[in-house]
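Below, chain A is the first sequence line, B the second, and so on; all start at residue 1. Reckoned from all heavy atoms, side chains included, excluding hydrogens, waters and symmetry mates. Only a predicted model underlies this, so the values are computations on that prediction, with no experimental measurement involved.
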There are 2 protein chains.
Amino acid sequence: MKEIYALLEGNRLSRTPCRIEILKALRQADSALSEPEIREKIGEHFDRTTVYRSLRSFLKLDVIHSIALDGGELRYALSPEKELADSSHHVHFFCNDCSGVFCISHQAFETPVLPDGFEATNFDLLVHGRCKNCKG
Amino acid sequence: MKEIYALLEGNRLSRTPCRIEILKALRQADSALSEPEIREKIGEHFDRTTVYRSLRSFLKLDVIHSIALDGGELRYALSPEKELADSSHHVHFFCNDCSGVFCISHQAFETPVLPDGFEATNFDLLVHGRCKNCKG
DNA sequence: GTAAATTTGCAACATGGTTGCAAAAAATCA
DNA sequence: TGATTTTTTGCAACCATGTTGCAAATTTAC
């Protein structure tokens, strides 16, 4: 609870029930959540609009980040602590069995060679496969 | 034109005006197109629904592929010829200036090491930066 | 050229996300 | 603490992308 207040305070966001609940939900989840999943977890008594607005604020301040899946579906997850991760290389894992999305932010990878003239700033890698839980 | 007929025939898809126009549009484009962009290029006289259904058929048969951008927006592009590309490693480039999306399918890259228990099947890399045309 | 199979257009719907605005709740400050 | 300012909320309405059901039109196969 303390950490969540700190997150909000550190980003100069007022401490509202909806925001607190969203951050709690994302922290408890072991995988990235869609907006409907978030709303389900925090109870239905918050308006869709409010949730989206909260997410947008979080995204802008990089408190959370979103992952776009193949069909365009978005999942949201807490951003890794700024010091721990390389901000230009993001790795996410999508499990074909359970559809879970896991952040593998601490894993660097070799950057590919690009054709002449292309200038890269950052790299988002989405790995598909089977996760720990589903492999059996 | 011959190639487009061959593409359709090779995938046992009937030769309809809408499908032909979509494939022509995608072949002419130097970057991946959104559905609205496609519809704009092929003229407005095709129904939205029809375009989406054509795209779905193409996707299922891997005639085209889609790329999900950060916000969840989808772009569509012709798939590289099956022989030329490594089907488990896809690289796309998103230009922060012009918002163009370019397929860099021929560029392999080092696959990252994953945490214990994760089993990868394929890798989709989205590189952000500035493209050839926008770099000045 | 005709019959069967496929595709089209339309209308209606679903989902994810945004906007405007008045009411409510936080933060600020005395 | 209470009054004031600022921010956030809920609601209704809206937008965009994509899908479904069904009858009419087009392709294909014979």
Side-chain angles (χ1 to χ4, degrees), chain A residues 1 4-23 25-26 32-61 63-77 99 101, chain B residues 1 4-23 25-26 32-61 63-77 99 101:
Chain A
M1 210 61 196
I4 282 172
Y5 291 162
L7 245 184
L8 290 171
E9 217 135 305
N11 286 281
R12 276 176 223 78
L13 289 169
S14 38
R15 189 187 289 184
T16 71
C18 184
R19 288 180 180 162
I20 292 169
E21 290 305 311
I22 291 176
L23 293 181
L26 291 179
L33 302 177
S34 65
E35 181 277 338
E37 286 170 336
I38 292 172
R39 205 138 48 77
E40 188 204 318
K41 302 221 175 208
I42 67 180
E44 308 286 288
H45 48 281
F46 293 106
D47 194 80
R48 231 157 58 78
T49 313
T50 305
V51 174
Y52 278 114
R53 277 195 274 233
S54 300
L55 291 174
R56 219 179 345 158
S57 304
F58 291 152
L59 284 170
K60 195 170 11 176
L61 294 163
V63 174
I64 67 172
H65 63 284
S66 64
I67 304 107
L69 303 186
D70 284 15
E73 188 195 337
L74 291 178
R75 302 278 176 90
Y76 304 91
S99 300
V101 172
Chain B
M1 211 59 197
I4 283 172
Y5 291 161
L7 245 184
L8 289 171
E9 216 134 306
N11 287 282
R12 277 178 221 76
L13 289 168
S14 38
R15 191 187 288 185
T16 72
C18 183
R19 290 181 179 162
I20 293 168
E21 290 307 310
I22 291 177
L23 293 181
L26 290 179
L33 302 177
S34 65
E35 181 276 339
E37 285 170 336
I38 292 172
R39 205 138 48 80
E40 188 203 319
K41 301 223 175 207
I42 67 181
E44 308 286 286
H45 48 282
F46 293 106
D47 194 79
R48 235 157 54 76
T49 312
T50 305
V51 174
Y52 277 115
R53 277 197 272 232
S54 301
L55 291 175
R56 221 181 341 159
S57 304
F58 291 152
L59 284 171
K60 196 173 5 178
L61 294 163
V63 173
I64 67 173
H65 63 284
S66 64
I67 304 107
L69 302 186
D70 284 14
E73 189 195 337
L74 291 178
R75 302 279 176 89
Y76 305 91
S99 300
V101 172

Between B/Glu35 and B/Pro17, the residue closer to the 5' end of DNA chain D by nearest nucleotide is B/Glu35
Report task. Return yes if some donor-acceptor pair links the side-chain N/O of A/Asn11 with the main-chain N/O of A/Leu13 below 3.5 Å, else return no. Result -> no
Measure from [atom1] on [X] to [atom2] on [N] and round the result to the nearest Å.
X: B/Arg75; N: D/dG18; atom1: CZ; atom2: P; value: 11 Å
X: A/Leu69; N: C/dT15; atom1: CG; atom2: C1'; value: 15 Å
X: B/Arg56; N: C/dT7; atom1: CZ; atom2: C1'; value: 13 Å
X: A/Leu55; N: C/dG17; atom1: CG; atom2: P; value: 8 Å
X: B/Phe58; N: C/dT6; atom1: CZ; atom2: P; value: 16 Å
X: A/Glu73; N: C/dA14; atom1: CD; atom2: C1'; value: 14 Å
X: B/Phe46; N: C/dC10; atom1: CZ; atom2: P; value: 12 Å
X: B/Arg15; N: C/dT8; atom1: CZ; atom2: P; value: 14 Å

Within the pair [X] and [N], is there a side-chain N or O less than 4.0 Å away from OP1 or OP2?
X: B/Tyr76; N: D/dG18; result: yes
X: A/Tyr52; N: C/dT18; result: no
X: B/Arg12; N: C/dA5; result: no
X: B/Thr16; N: D/dT27; result: no

Quick note, A/Asp47 side chain, CB onward, closest among C/dG16, C/dA27, D/dG10 is D/dG10
Looking at D/dT17, C/dA26, D/dT28, which one has an atom nearest to any side-chain atom of A/Ser14?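 In terms of side-chain proximity for A/Ser14, the closest of D/dT17, C/dA26, D/dT28 is C/dA26.
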- [ ] Indicate yes or no: at least one non-hydrogen side-chain atom of A/Leu23 is less than 4.5 angstrom from one of A/Arg19.
- [x]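 No. Closest side-chain heavy atoms not under 4.5 Å.
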- Task: Could you tell me whether the side chain of A/Thr16 reaches within less than 4.5 Å of the side chain of A/Thr50, counting heavy atoms only?
- Result: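 Side chain of A/Thr50 against side chain of A/Thr16, heavy atoms only: no contact under 4.5 Å found.
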Quiz item: Which part of the nucleic acid, if any, lies within reach of B/Thr49 when heavy atoms closer than 4.0 Å are counted: base, sugar-phosphate only, or nothing?
Solution: base
Checking all strands, does B/Arg19 fall into the base, sugar-phosphate, or nothing category for heavy-atom contacts under 4.0 angstrom?
sugar-phosphate
(Q) Using a distance-only criterion (donor-acceptor N/O pair, under 3.5 Å, no hydrogens), is the base of C/dG17 paired with the side chain of A/Arg53? (A) no
For this session: Please confirm whether any donor atom in the side chain of B/Arg48 sits under 3.5 Å from an acceptor in the base of D/dG18, or the reverse.
Result: yes
Inspect the contact between B/Glu35 and B/Arg39 and indicate whether a charged nitrogen and a carboxylate oxygen are less than 4.0 angstrom apart. yes
Task: Ion pair check, B/Glu21 and B/Lys41, cut-off under 4.0 Å - done: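 Salt bridge between B/Glu21 and B/Lys41, a charged N being under 4.0 Å from a carboxylate O: no.
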